[in-house]
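Naming convention: chains lettered A, B, ... in sequence-line order (proteins, then strands); numbering from 1 in each chain. Everything numeric in this text was worked out from a predicted model, so none of it was measured.
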Amino acid sequence: MSAAKDEVLEVAGRAVTISNPDKVFFPKSGHTKLDLVRYYLAVAEGALRGVGGRPMALKRFVNGAEGEAFFQKRAPTSRPEWIETVELSFPSGRTAEEIVVRDAAQLAWIINLGCIDLNPHPVRAGDLDHPDELRVDLDPVPGVSWAQIRDVAMVTRDVLKDFGLVGWPKTSGSRGMHIYCRIEPRWTFPEVRRAAVALAREVERRAPQIATSRWWKEERHGVFLDYNQNAKDRTVASAYSVRPLDDARVSTPLMWDEVPTCEAEAFTLATVPRRFAEIGDPSKGIDEAVGSLEALLELSAQHEAAGFGDAPWPPHFAKQTGEPSRVQLSRRKREDRPATPKGAVPPPAPGKTVGPTGRRRTTMPLIEIARAASETEARAGLQRWRARHAEVWSHLA
DNA sequence: GCAAGCA
DNA sequence: TGCTTGCAACGCCAA
DNA sequence: TTGGCG
Ligand SMILES: [Mn+2]
Ligand SMILES: [Mn+2]
């Protein structure tokens, strides 16, 4: 830190004071607090598409990315009059005035508070009980390859399409990926979460080697589709958020044709502004692709009828009606443990694996190379196969 | 990161 | 004036 | 009281 002087920026017609502008926020890559503010202003159009009009929890790193962080839901009482808030209510009856950002000045102001990533709720301030965003949070268990995450993302895209939704992918900037769907604000939080449970189970059904819908860590393998991130009061780091990691990695929206080859480490505070200037925001159309949860909720009803009801909720939530016992297998009372482990995923609706002749079709993906006429034809065929069976490609040793 | 309280 | 201090989320369930 | 999970 050289001169401990405030920096006053003119942003969206307002004066925003940045304290400690030269403070190093990312020691390993050298970026300062002012670098972080400048980054957010460079990608403000995209960042605001992610957080605009939404109440948000503040995660504050007042001593930089390597310092200890704390959460803050209630807006600081000392704030400019142009900082908007909205009152949220919790099940306990307590309330919180959370910040709502709509423009670049408000964005710069919260970055000055020491926020590195942005964590908005999936609702707009005008309707706090009806999310307009279904969030698919892909969380790899430790050791899972990036290739597997990409493949689960592609399978998720197919499932969403089959159920009438358009997915918008981004790296999380941490270890996984996020896929968001804009939805009509017609469903409550518990309903949106149940749609996410059904989606997670369907992705696992299609790609059982690399995807899991299981809440308990000891029962997971591959990539976990974290349906509970759609519960009320849960937030997710938004598009263009910088993550508090050494290289200042960014949660970066992607075009779907980038997903099969993207590398998360390519997107940082240092590289994303250029990308944004050159190609703009791949998620620009998200607000125009409004979908319905009806099909996923119908799938959920089928699961329920097949004996697969609700899935465990996170800690700190009251027990929900219909929720299974909130305990992992290894801690369950002996007499409550199933003799044969119950799968996480119900079978498909009938009539899907049997062809018109009644002869059973092959259910497992099968590669045939020996029949190809030439090597190039064989290679081309292999690529087509890969595109159609993303669910197992990354799993091949 | 900031404001209040204290020397 | 300058330094220190307190404060900044959600808060349940099962064994 | 401990450990579950973001
Ligand atoms: Mn995640
Ligand atoms: Mn998660």
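For C/dA9 and D/dC5, the P atoms lie 25 Å apart once the distance is rounded to whole Å. As rounded to the nearest Å, D/dG4 and C/dC10 have C1' atoms that lie 16 Å from one another. Remark: the separation of the C1' atoms in C/dA8 and B/dA3 is 13 Å, to the nearest Å. Between C/dA15 and D/dG6, the two C1' atoms lie 23 Å apart (nearest whole Å).
For A/S241 (side chain) and A/L118 (main-chain N/O), a donor-acceptor pair under 3.5 Å exists by modelled atom type.
Within the 6.0 Å centre-distance limit, the rings of A/Y240 and A/F276 are counted as a close aromatic pair.
By the 30° and 60° cut-offs, the orientation of the rings of A/W313 relative to A/F317 is tilted.
Here B/dC2 presents its C1' atom at 14 Å from CG of A/L58, a figure rounded to the nearest Å. Going from atom CD1 of A/I116 over to atom C1' of B/dG1 covers 13 Å, rounded to whole Å. Taking atom CH2 on A/W215 and atom P on C/dC13, their separation rounds to 15 Å, with Å as the unit.
Nucleic acid contact for A/N112: sugar-phosphate only, since backbone atoms but no base atoms lie under 4.0 Å from a heavy atom of the residue. Here A/K33 lies in heavy-atom contact (under 4.0 Å) with sugar-phosphate atoms only. Residue contacts for A/N63: at a heavy-atom cut-off of 4.0 Å it reaches no nucleic acid atom on any strand shown. When heavy atoms are screened at a 4.0 angstrom cut-off, A/R220 is found touching the sugar-phosphate backbone but no base atom. Base engagement by A/P315 is indicated by at least one non-hydrogen atom pair under 4.0 Å involving a base atom.
Geometric assessment of A/R135 against the ring of A/Y180 yields a positive cation-pi assignment under the 6.0 Å and 45° thresholds. A/R94 forms no cation-pi arrangement with A/F90, by the criterion of a distance under 6.0 Å to the ring centre and an angle within 45° of the ring axis. By the 6.0 Å and 45° rule, A/K33 does not stack over the aromatic ring of A/F26.
Salt bridge annotation for A/D162-A/R206: present, with a cationic side-chain nitrogen under 4.0 angstrom from a carboxylate oxygen.
With a cut-off of 3.5 Å on both pairing distances, D/dC5 has no Watson-Crick or G-U wobble partner at all. As the counterpart of C/dT5, B/dA3 is assigned, both hydrogen-bonding distances of the Watson-Crick or G-U wobble pattern falling under 3.5 Å.
Checking B/dC2, C/dA14, B/dG1 against the side-chain heavy atoms of A/S325 singles out C/dA14 as nearest.
Note that the CG atom of A/D103 and the CD atom of A/E84 stand 9.5 Å from one another [nearest 0.5 Å].
The nucleotide range of DNA chain D contacted by chain A, defined by atoms under 4.0 angstrom from heavy atoms of the protein and reported 5' to 3', is D/dT2 to D/dG6.
Residues A/R205 and A/P346 come closest through the heavy atom pair CD-O, 3.7 Å.
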Between protein and nucleotides 7-11 of chain C, what N or O pairs are separated by less than 3.5 Å?
residue, atom, partner, partner atom, Å
C/dA9, OP1, A/K73, N, 2.9
C/dA9, OP1, A/R74, N, 2.9
C/dA9, OP1, A/R74, NH1, 3.4
C/dA9, O5', A/F71, O, 3.3
C/dC10, OP1, A/R74, NH1, 3.0
C/dC10, OP1, A/R74, NH2, 2.6
C/dC10, OP1, A/R94, NH2, 3.2
C/dC10, OP2, A/R94, NH2, 3.4
C/dC10, O4', A/K73, NZ, 3.2
C/dG11, OP1, A/S92, OG, 3.0

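Paired with A/E98 under the rule side-chain hydrogen bond (donor to acceptor under 3.5 Å, both in side chains), one option of A/Q72, A/H121, A/R74, A/K73 passes, and it is A/H121.
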